[in-house]
Amino acid sequence: MDIIKELADAFLILIRCGSAFRVVYCFVMMGTDEEAEKAYKKKIWNVIIFYILAECCYLIKDMIVHYYT
C-alpha cells in the first residue's frame with residue numbers, strides 16, 4: 001500500500017509541475033506571438049481544466065482508500 005501512495009504522490013507532483021510549466025510557457029508564447037493569443041488562452045483554459053479534473057480524481061481515490069482502510 002505504501003508503494004501505491006508513493007506513486008500517487010509522485011504523479012500529483014508531476015501533474016502540478018507540468019501544469020504550472022505549461023501555463024508559464026503559454027503566457028510566454030502569448031507575449032511573443034500576438035496573432036496566436038486566442039489559441040494560447042484556450043490552451044491555458046484546457047490546462048486548468050485538466051488540473052482540476054486530475055486533482056478531483058486523486059481526491060476521490062483518497063476518500064475511497066481512507067473509507068476502506
Side-chain angles (χ1 to χ4, degrees):
M1 197 67 161
D2 291 333
I3 294 174
I4 293 173
K5 181 163 176 26
E6 290 176 7
L7 283 174
D9 291 341
F11 281 131
L12 276 176
I13 291 170
L14 186 64
I15 288 170
R16 289 174 182 160
C17 291
S19 297
F21 285 130
R22 179 70 177 167
V23 168
V24 169
Y25 172 77
C26 287
F27 273 123
V28 169
M29 293 306 291
M30 269 183 6
T32 59
D33 188 11
E34 294 178 6
E35 293 176 1
E37 183 176 343
K38 187 175 180 182
Y40 283 113
K41 284 183 182 180
K42 179 141 178 80
K43 290 178 184 181
I44 290 171
W45 277 112
N46 289 339
V47 170
I48 291 170
I49 290 169
F50 165 76
Y51 176 72
I52 291 170
L53 289 175
E55 286 286 335
C56 288
C57 289
Y58 278 100
L59 286 174
I60 291 170
K61 181 210 60 95
D62 287 340
M63 288 189 316
I64 291 171
V65 168
H66 180 69
Y67 180 77
Y68 286 113
T69 58

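All of these numbers come straight from a predicted model, not from anything done at the bench. Numbers for residues simply follow the sequence, beginning at 1.
- For residues 57-69, no pair satisfies salt bridge (charged side-chain N to carboxylate O under 4.0 Å, His left out), with sequence neighbours left out.
- Within the structure, no pair that satisfies the salt bridge (charged side-chain N to carboxylate O under 4.0 Å, His left out) test touches residues 19-32, not counting sequence neighbours.
- Linking Ile, Leu, Val, Met, Phe, Trp and Tyr residues whenever their side-chain heavy atoms come within less than 4.5 Å places Tyr68 and Ile60 in a single cluster.
- Residue Ile13 is found outside any hydrophobic cluster, as its side-chain heavy atoms come under 4.5 Å of no other Ile, Leu, Val, Met, Phe, Trp or Tyr.
- Under the salt bridge (charged side-chain N to carboxylate O under 4.0 Å, His left out) criterion, the residue pairs touching residues 47-57 are Arg16-Glu55, with sequence neighbours excluded.
- No side-chain heavy atom of Leu59 sits less than 4.5 Å from a side-chain heavy atom of Met63.
- The shortest distance between side-chain heavy atoms of Met30 and Ile44 falls below 4.5 Å.
- The hydrophobic cluster containing Val23 does not contain Phe21, counting ILVMFWY residues as joined when their side-chain heavy atoms lie under 4.5 angstrom apart, directly or transitively.
- Two different hydrophobic clusters hold Ile48 and Leu53 under the rule that ILVMFWY side chains link at heavy-atom gaps under 4.5 Å.
- There is no path of hydrophobic side-chain contacts, each under 4.5 Å, that joins Val28 to Tyr40.
- Residues Tyr67 and Ile64 fall within the same hydrophobic cluster, defined by Ile, Leu, Val, Met, Phe, Trp and Tyr side chains chained together at heavy-atom separations under 4.5 Å.
- The hydrophobic cluster containing Leu12, built from Ile/Leu/Val/Met/Phe/Trp/Tyr side-chain heavy atoms closer than 4.5 Å, also comprises Phe11, Ile15, Phe50, Tyr51, Tyr58.
- Listed by first and then second residue, the salt bridge (charged side-chain N to carboxylate O under 4.0 Å, His left out) pairs involving residues 36-52 are Glu37-Lys41 (not counting sequence neighbours).
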